[in-house]
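Along the sequence shown, residues are numbered consecutively beginning with 1.
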Amino acid sequence: MKRIMLSLALLIGVSLALHAQNNNYQIKGFVVDTAYSAKLVNSSISVLNAKDSTLVNFGFAAENGSFTIDQLSPGQFILLVTYPGYADYVENFKLDSIHREKDFEKLSLTLIANLLQGVIIKGKATAIKIKGDTTEFNASSYVIQPNSKVEDLLKQLPGIQIDKDGKITAQGQTVNKVLVDGEEFFGDDPTLVTKNIRGDMVDKVQLYDKKSDQAAFTGIDDGQKTKTINIKLKEDKKQGYFGKADAGIGTNKNHQEQLMFNLFKAKKKFAAYGILGNTGVTGLGWRDSDKYGGSSSMEFSDDGGLMFYFDGDDGLDSFDGRYDGQGIPLVRSGGVHYDAKWNTDKESVNANYKIGSMNVDGTKNVISQNNLPGNVIKSNSDESFNNYAFRQKGDVKYEVKLDTLSSLKVSAEATFKNSEKNSTYIAASKRENDVMLNESNRSLANKSDEKLFKATVFWNRKFKKKGRSISVNLTENISNSESNGFLKSTNKFYNDQGILLPDSTKIIDQYKTNRSKTNVFNSNITYSEPISASFSALFNYGLGINNSLQDRKSFNPSAPGQYTILDSVYSNRYKLDQLSNQFGLIFNYNKDKTIINFGSKVTAVQFNQLDEYTNGSLHRNFINWSPQASYQYKFSQQKSLRFNYNGNTSQPRIDQIQPVSVNTDPLNITMGNPNLRPSFTNRFSLNYNSYKVLSSTSLWVNGSYSFTMNPIVSNVTTDSAGKSTYQSINLTSRNSSNFYFSASLNNKIKSIDLNFGFYASTNGNTSYNYSNTALNKTKSYNYSGGISVSKYKEKKYSFYLNMGPNYNTSESSLQKNLNNNGWGFNGSSSFTVFLPFKMELGSDGNYEFKGKTESFNEDFSRFIWNASITKKFFKEENLRLSFSGKDLLNQNTGFNRSAYGNMITQTNYTTIKRYFMCSLTWDFNKMGGGKTQK
């Protein structure tokens, strides 16, 4: 056995040595301008196989123009050197055992404008260029089908993936912004661009990390980046109009209508869209979360001050207008967009207006398990709901370059929303031995009006000394909300034998109102000063003023239908005024491949709390620290390592502070705690990425760990009748924690033109809460992994597959045996086949499995399968007739499992199920260089 192991080790060692030897070949040289001997920094150096021109390796010229490409093997190759504005340099060479290194010495490039003779070689390899941190794709190097959209172009670009809903992933990260000529288009919804602008209008596609306004201005990285794609249009395609109209009708009264119109005229753009349907499509793309949301949850500053918003739903909160798949929706929405530049691009304006309404009807069943010290309460609740929201939102942004060193940006937005919410609940709770504990029958009806306004002014100025700058940022947020509604509830309680207790039936009939007002002003002055060529400092001062009021009232009936008796237990008028002064000092070191940031912000916060019912006041002062540090090392333009640390203070929310009881669920009452103190969170993160553009090979590794000191936790007291009272308190004896880790490897197998990826991730948290004075520790972890495969063959077929297992654990220290540990599996796939006679056959599916656990002794699985067949008409293929079937197996059952604190729940809800639809889509355009399509 030892001989076998020794032989195997020797064989592996020899193989590794031979492999290292076979890859120990390299080339070198340096790139200059022919006429001026200037060093062409960042010139692209590519090594191609001479046989098929496939990419072997690539790199970039250093600051002195030199380059070295190693990790090569023996063979025949082509050297391709490119630089913007210069003719490409091409030379054949070979490497063998005799010529292990090739020194090209000085490579002289010639400006295209000065080129008198010769051939400029262009091909697939020059379709991609690297410009600093920006990857630029030449759209003309890729072939797309007639009448296809930007989405079809992006699918062919290496390193970019698009799923069936239009969600874009680039270099392992989600793309949240798609710009058109550097400008936002209907805000920041990417699919309004990718699904509607024609692919043949595109000149260049640029991919980069968009920095914050502050970081872009000062040049000092603040860690705030957004993965962004910028679509640069061809100059001759900026004149004319284009759009699409879509209408479909199906079984079960399903229907869907969409209209999109765009008018481009040089540096002016106008667009409009409309949507009507009940198929679950609430927008033109996948980012629908903020289409109708009222934004009553607003984060006003980063100074650690109070964040005025409400977490959770107390039953009488307004319907936020978001559709999460629960219930059957009816959507009516539309919007217009306008942007323009003038005065030699020194001035610009960008404006949007959206209007929409949504109805959602449905039912929901919730099974829950409440782990208590020594016993368990099992509950079952059935809900029927009818919700409605109507929203209007407008925003405008104006920018002007005052001179060569300063600029001004002014923006404003306003939102008006009305909503109605109606719900009925029938619930029952049992003891651990299945003996009845209590019953509840209640109904809630609520109407609300919300008005929100936000204005921002950002002025900046650079000085003649490089790196010296000053900026001023002013922001005003105003929020007003008024709601009123009725609570009607009947609750019954049972003894240990399951017999109804005499005189135990409790009836509640109340009229409730809620008024909230918030006015928040924030200012920030930032000054940057270079200390040396590579070291600089950033100073800032900010003043914040937050005045808020919340008035909750509950009235009992004095006569049938007349509610005039104030119930002081559930009523309170509370004011909270906050004044903050923030000072910050951040240092930045940037040299060669290393970037280091470190420093801290400190905020002095004054709280003035006033209970107007009791005239009780509370004045408190806090000092909040926000230290930060980061280290980034760029091995190359496409490979880097980054470490971050951030510490931040979180103040309690006003709904946690206000000393009032909320009884909209009489069996689960919440109480405010005006003595809550802030918590402090330390967060560490590590990110590594390695990406080769031309070979589409990427490795992404991300991890983070955080722990919170003095966390705000829930203190729950549950009596023998099953009635629980919740209050937030600070936990000083324990720290809560969270962690996250993920890794993904993506590669393109060129021999079969197949994109292949592997991913693995894990996340978890440790949290605490009190249950009947006992400290409960909850540990929840999730482990998942899988593979993804995709391929796109122009005019033939395309397919995508993603699948993998997962394992979830959730354990409560109060009831360790009744955990929610179980296996699961998720998978999704789609394919499209392009048939003769301008026909397409498409299908997609989504599979989900959740295994049984100790808490829920049933498996769950569903496979949602959709299919369609499409016929295209006319030479331009701009008219399409489609027949589609959704959820063909009729398995779209709403289902969700979750765990929080000592509560484990399983939710089943109604959602859109199987239907068939016939739809007609017409794409029209009359753009510069094109013809009108009829």
Exercise: identify the closest heavy-atom pair between [X] and [Y]:
{"X": "Leu731", "Y": "Tyr768", "result": "CD2-CB, 3.5 Å"}
{"X": "Ser724", "Y": "Val716", "result": "CB-CG1, 4.0 Å"}
{"X": "Asn438", "Y": "Ala721", "result": "ND2-O, 2.9 Å"}
{"X": "Arg515", "Y": "Ser483", "result": "NH1-O, 3.0 Å"}
{"X": "Ser771", "Y": "Pro373", "result": "O-CG, 3.3 Å"}
{"X": "Pro652", "Y": "Ile657", "result": "CG-CD1, 3.8 Å"}

message = Could you walk me through whether Gln510 and Asp567 satisfy the side chain to side chain donor-acceptor pair (under 3.5 Å) test, starting with their C-alpha distance in whole Å, then the side-chain angles of each, then the deciding distance to 0.1 Å, before giving a yes or no?
response = CA-CA 9 Å; Gln510 289 185 331; Asp567 192 329; 3.0 Å; yes
inquiry  = For Met709 and Asn682: C-alpha separation, side-chain torsions, deciding distance, then whether side chain to side chain contact (heavy atoms under 4.5 Å, CB included) applies.
reply    = CA-CA 8 Å; Met709 299 181 292; Asn682 295 279; 3.5 Å; yes
request  = Evaluate side chain to side chain donor-acceptor pair (under 3.5 Å) for Ser742 paired with Tyr740, printing each intermediate quantity in order.
outcome  = CA-CA 7 Å; Ser742 70; Tyr740 170 78; 3.0 Å; yes
State which residues pass side chain to side chain donor-acceptor pair (under 3.5 Å) with [X]; sequence neighbours excluded, sorted by chain then number.
{"X": "Thr853", "result": "Asn820"}
{"X": "Thr456", "result": "none"}
{"X": "Asn765", "result": "none"}

Enter the distance from [X]:[atom1] to [Y]:[atom2] here, rounded to the nearest 0.5 Å.
{"X": "Lys417", "Y": "Arg391", "atom1": "NZ", "atom2": "CZ", "value": "9.0 Å"}
{"X": "Asn648", "Y": "Arg683", "atom1": "CG", "atom2": "CZ", "value": "6.0 Å"}
{"X": "Ser423", "Y": "Asn387", "atom1": "OG", "atom2": "CG", "value": "5.5 Å"}
{"X": "Lys451", "Y": "Asp449", "atom1": "NZ", "atom2": "CG", "value": "5.5 Å"}

ask   = Under 30°, 30 to 60°, or over 60°: which ring-plane class applies to Phe684 and Phe707, parallel, tilted or perpendicular?
value = parallel
Partner of Val602 under side chain to side chain contact (heavy atoms under 4.5 Å, CB included), chosen from Ile623, Asn624, Leu585 =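 That would be Ile623.
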task = Among His619, Arg620, Gln578, find the one that has a side chain to side chain contact (heavy atoms under 4.5 Å, CB included) with Asn608.
result = His619
key: Axial cation check for Tyr425 ring with Arg442, 6.0 Å and 45° limits   =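 Yes, Arg442 lies over the aromatic ring of Tyr425.
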query = Which residues satisfy the side chain to side chain contact (heavy atoms under 4.5 Å, CB included) test with Asn380, sequence neighbours excluded?
reply = Asn365, Ile367, Asp382
request  = Would you please indicate if the ring centroids of Tyr705 and Phe739 are separated by under 6.0 Å?
outcome  =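 Not under 6.0 Å, so no.
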inquiry  = Can you confirm if the aromatic rings of Tyr563 and Phe486 lie within a centre distance of less than 6.0 Å?
reply    =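 Yes, close enough.
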inquiry  = Assess, by modelled atom type and distance only, whether the side chains of Asn663 and Lys512 contain a donor and an acceptor separated by less than 3.5 Å.
reply    = yes
inquiry  = Is it the case that the side chains of Asn514 and Ser516 hold a donor-acceptor pair, with the cut-off being a distance below 3.5 Å and no angle test?
reply    = no
key: CA sep, side-chain torsions, deciding dist, call: Glu413, Lys454, salt bridge (charged side-chain N to carboxylate O under 4.0 Å, His left out)   = CA-CA 5 Å; Glu413 63 179 66; Lys454 179 180 180 181; 5.5 Å; no
query = What pairs with Lys488 under salt bridge (charged side-chain N to carboxylate O under 4.0 Å, His left out), at least two apart in sequence or on another chain?
reply = Asp509
query = With Asp719, which residues qualify under salt bridge (charged side-chain N to carboxylate O under 4.0 Å, His left out), at least two apart?
reply =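 By the salt bridge (charged side-chain N to carboxylate O under 4.0 Å, His left out) rule, Asp719 matches no residue at all.
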task = Test side chain to side chain donor-acceptor pair (under 3.5 Å) on Asn371 and Gln369 and set out the steps.
result = CA-CA 6 Å; Asn371 297 321; Gln369 173 185 296; 2.9 Å; yes
key: Stepwise side chain to side chain donor-acceptor pair (under 3.5 Å) test for Thr526 and Asn524   = CA-CA 6 Å; Thr526 303; Asn524 189 70; 2.9 Å; yes
